[in-house]
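Working notes, beginning with the structure itself.
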Number of protein chains: 2
Amino acid sequence: MVKHSQATTIRDVARQARVSAATVSRYLNRSAPVAAETGQRIQQAMRELGYSPRLAARALATHKTYTVGVISNALNYAFFGPLLRGMDEVLREQEYRLLMATCIAGQDRGNLPFGPHNTDGVVVFANTVDDEQLIEWHAVGFPCVLLYRLPPGDLSFPCVNVENHAAVRQLTEHLIEAHGRRRIAFIHAPDYHQDDLQREAGYREALRRYGLPYDAALVLRGDYRREQASRAIEAFLARVLSDCDAVVAGDDDLALTVLGALYRAGVNVPEQVAVVGFDDQHFAASLVPPLTTVRAPTETVGRVAARQVLRLIRGEAVERETLLPTDLVLRRSCGCAGQSLRKGLSESYHPQMLVGR
Amino acid sequence: MVKHSQATTIRDVARQARVSAATVSRYLNRSAPVAAETGQRIQQAMRELGYSPRLAARALATHKTYTVGVISNALNYAFFGPLLRGMDEVLREQEYRLLMATCIAGQDRGNLPFGPHNTDGVVVFANTVDDEQLIEWHAVGFPCVLLYRLPPGDLSFPCVNVENHAAVRQLTEHLIEAHGRRRIAFIHAPDYHQDDLQREAGYREALRRYGLPYDAALVLRGDYRREQASRAIEAFLARVLSDCDAVVAGDDDLALTVLGALYRAGVNVPEQVAVVGFDDQHFAASLVPPLTTVRAPTETVGRVAARQVLRLIRGEAVERETLLPTDLVLRRSCGCAGQSLRKGLSESYHPQMLVGR
DNA sequence: TTGTAAGCGTTATCAT
DNA sequence: ATGATAACGCTTACAA
């Protein structure tokens, strides 16, 4: 027995329209034909009473929430903007909504923000949720899409990734080949995601192909928090600067920090040290010098992920892994001419002009 | 009559623990004392069955969703990261979750993503939701906090703002006074928020105080979409560059674009043209040259907003308007020395050294 | 085409 | 301290 200051319910509308609640429901959900004239009355009654259905009740009855959750460890990277936007757009079109929450892997054990009890499905960023939980979700068939990572074991979660290895390999090769760099440093992202490891692998592969030695001293491991990136990078550069002519940063945020540090150190980019990043975030083109980087279709990643959860939710077939292609965007910071160039990974090695910027 | 592949319910737990559902509920919510030993059995039963309460049912019974919605027109600015993060942190501590959705003012008339039917309260970004809707929410006492704007009419919605006018005034005065700039351009944000207007007012006030003429030709109105900022700004600068020695940008994103455009135009910053922004986004310090700007406590804005909705939800007293102070951050782009300086608005006009960066 | 009534999973009132 | 049971607002099978 619960008492509440009543908001208007479907019964109020029904009474006002002189029909049963069932009919109103049917009209609302188009779940069965309703006489045109009856529909008019219902329509009007709803307007008059300012009715809006209580989603909790609907969810309880139907076991559908029309809500998808996105779980990430942090949402303060600029990087998340396009990602969320992409997801939101697609979900919105389909009348779903996006619920987001952060979650520290390990820490929030068994107390995740989302699950079958409050969402129809989730999108999981990188290694935010631990394997044990994923396995459980898999067992109960809870719709779940993985972002920037592969499923643990042989679980059949669909996942969305971008091409990392080949992109960074080509970028590094470009530094070697086109700009004659030999002592190339690599800066890991603060967290060892699969992405990050693949990028380093691409970097190493490029060195190998050109017979350059891999020097651990030129690699900054990601043992720092994102907020401390500036200090960590500054210290790292102080060590290697005298013996280094290029820096491959794990992502644009890091490249930005590198640029700042080099500026303060009075080092010219790209003359003395070339700098490249990954992502092609919105600021990359406006940096001084404009940043050579890899264009990752982050918004598309979000869109694809959203589409996949929706398919999962509807019981439709999904692709197991979606690997989105990336492009090299050659700007000034690697040593290229001022004009922006763009190179598709799948294309032959002849850069084509990038229209506009 | 609905049939579903049953997930475990509170009754299953009750049966397993040989108690009634009511007792399990009481144990779960600490709403009444439960014998220690009974608690043990319930605890164990829940674990064994992997029980987690269905939130929709709970929401239906209690009329509480433990969810707060944030409505904005777009969430792809880097700017939103800290904002969301701040809100999320506070809500999370209080076991609430954050639901986010975009909404185009005017377009989504009467079909908002959030409302009393699915959330306990909302945070509204700038003018995303139209006054009519706000008035309705106000009438029914729906918890709602406004961000970066004042309430329409004399409505008593709490709102959270940052100090815009004085900050931009001082920043502009700094350009005039410390760096002798006379022909200062102003670039509006793509959407005329209250923030934006206050910033322009600050700019004009500074000119007035120093007897400089206001020249409409030096002001770029925000009649462009964010994605087209680059072109709009480039065109604008092409017009005014010959007669302009400083640019006050409406925010850091715009300042970034200005920097990029000036670089391409071969203009030296700050020697030929000084550039300043607003927000002190994470990239500002790393730009070349480092950006002089106004530090806006965006994450704090989020935190305060979240706290206010929670107070509203709990029926506690709230501040009508929270005006958060901003600080000038003097870096190189205005013409100051390389070392970063910071100036509190409330302090006297003697810049103090900024610890670290 | 419409109405009746059961049921969704939880909380809360009233007993005991 | 615990148990029965109504109620939350909606959907849907079944009947008419």
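On a predicted model such as this, the values are computed, not experimentally measured, just so you know. Residue numbers start from 1 in every chain, and the chains themselves are labelled A, B, ... in the order their sequence lines are given, proteins ahead of strands.
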Please identify each residue that fulfils salt bridge (Lys or Arg N to Asp or Glu O under 4.0 Å) with A/D196, with sequence neighbours left out. none
Length of the line joining B/R30:CZ and C/dT11:P, which is rounded to integer Å: 13 Å
Rounding to an integer number of Å, can you tell me how far B/L60 CG sits from C/dT11 P? 11 Å
Value in whole Å for how far the P atom of C/dG3 lies from CZ of A/R18: 11 Å
Sugar-phosphate only, base, or nothing, as touched by A/Y51 at under 4.0 Å among non-hydrogen atoms: sugar-phosphate
Measure from the side chain of A/I10, starting at C-beta and using heavy atoms only, and say which of D/dC10, D/dG9, D/dT12 lies closest. D/dC10
Distance check: side-chain N/O of A/T38 vs OP1/OP2 of C/dT2, anything under 4.0 Å? yes
Start with the C-alpha distance between A/D88 and A/R85, add both sets of side-chain angles, then the distance that settles salt bridge (Lys or Arg N to Asp or Glu O under 4.0 Å), and finish with yes or no. CA-CA 5 Å; A/D88 185 58; A/R85 179 189 167 84; over 6 Å; no
Taking five pairs at each end, how big is the angle between the two axes of the helix from C/dT1-D/dA16 to C/dT16-D/dA1, to 10°? 30°
Tell me the interatomic distance from B/R41, atom CZ, to D/dA1, atom C1', rounded to whole angstroms. 12 Å
Map B/R26 and B/A56 onto DNA chain C by nearest heavy atom, then report which one ends up closer to the 5' terminus. B/A56
Just by distance, no angles: are the side chains of A/Q16 and A/R11 close enough, under 3.5 Å, to form a donor-acceptor pair? no
Round to a whole Å and report the spacing from CD1 of B/I42 to C1' of D/dG3. 12 Å
What is the distance, rounded to the nearest whole Å, between atom CG of A/L55 and atom C1' of D/dC8? 15 Å
Would you tell me whether A/Q308 and A/E319 have side-chain atoms, one donor and one acceptor, within less than 3.5 Å of each other? no
Audit row: A/Y27, A/T38, side chain to side chain contact (heavy atoms under 4.5 Å, CB included) steps and yes/no: CA-CA 9 Å; A/Y27 175 76; A/T38 311; over 6 Å; no
Above 12 or not: heavy atoms from other molecules or residues under 6.0 Å from OH of A/Y66? no
Nearest-neighbour nucleotide for the A/T62 side chain, D/dT12, C/dT10, C/dT2 considered: D/dT12
According to a strict under-4.0 Å criterion, is A/S20 in side-chain N/O contact with OP1 or OP2 of C/dT2? no
Check the pair B/D191, B/R149 against salt bridge (Lys or Arg N to Asp or Glu O under 4.0 Å), reporting the backbone distance first and the verdict last. CA-CA 13 Å; B/D191 16 48; B/R149 64 162 292 178; over 6 Å; no
Give one of base, sugar-phosphate or nothing for B/A22, where a contact means two heavy atoms less than 4.0 Å apart. base
Does atom CZ of B/R314 have more than 12 heavy-atom neighbours from other groups under 6.0 Å away? yes
A/H117 has an atom NE2; how far is it from atom P of C/dC8, in whole Å? 20 Å
Is there a side-chain polar atom (N or O) of B/H63 under 4.0 Å from OP1 or OP2 of D/dG9? yes
Within the pair B/R54 and C/dT10, is there a side-chain N or O less than 4.0 Å away from OP1 or OP2? no
Which of the following nucleotides, C/dG3, D/dT11, D/dT2, is nearest to the side chain of A/T23? C/dG3
Of the options C/dG3, C/dT10, D/dT11, whose atoms approach the side-chain atoms of A/N29 most closely? D/dT11
Closest to side chain of A/R58, choosing from D/dT2, D/dT5, D/dT11: D/dT11
Please state how far atom CZ in B/R11 lies from atom P in D/dT5, giving the value in whole angstrom units. 11 Å
Quick note, A/A61 side chain, CB onward, closest among C/dT11, C/dT2, C/dC8 is C/dC8
Counting just side-chain N and O atoms, does A/S25 come under 4.0 Å of either OP1 or OP2 of D/dT11? yes
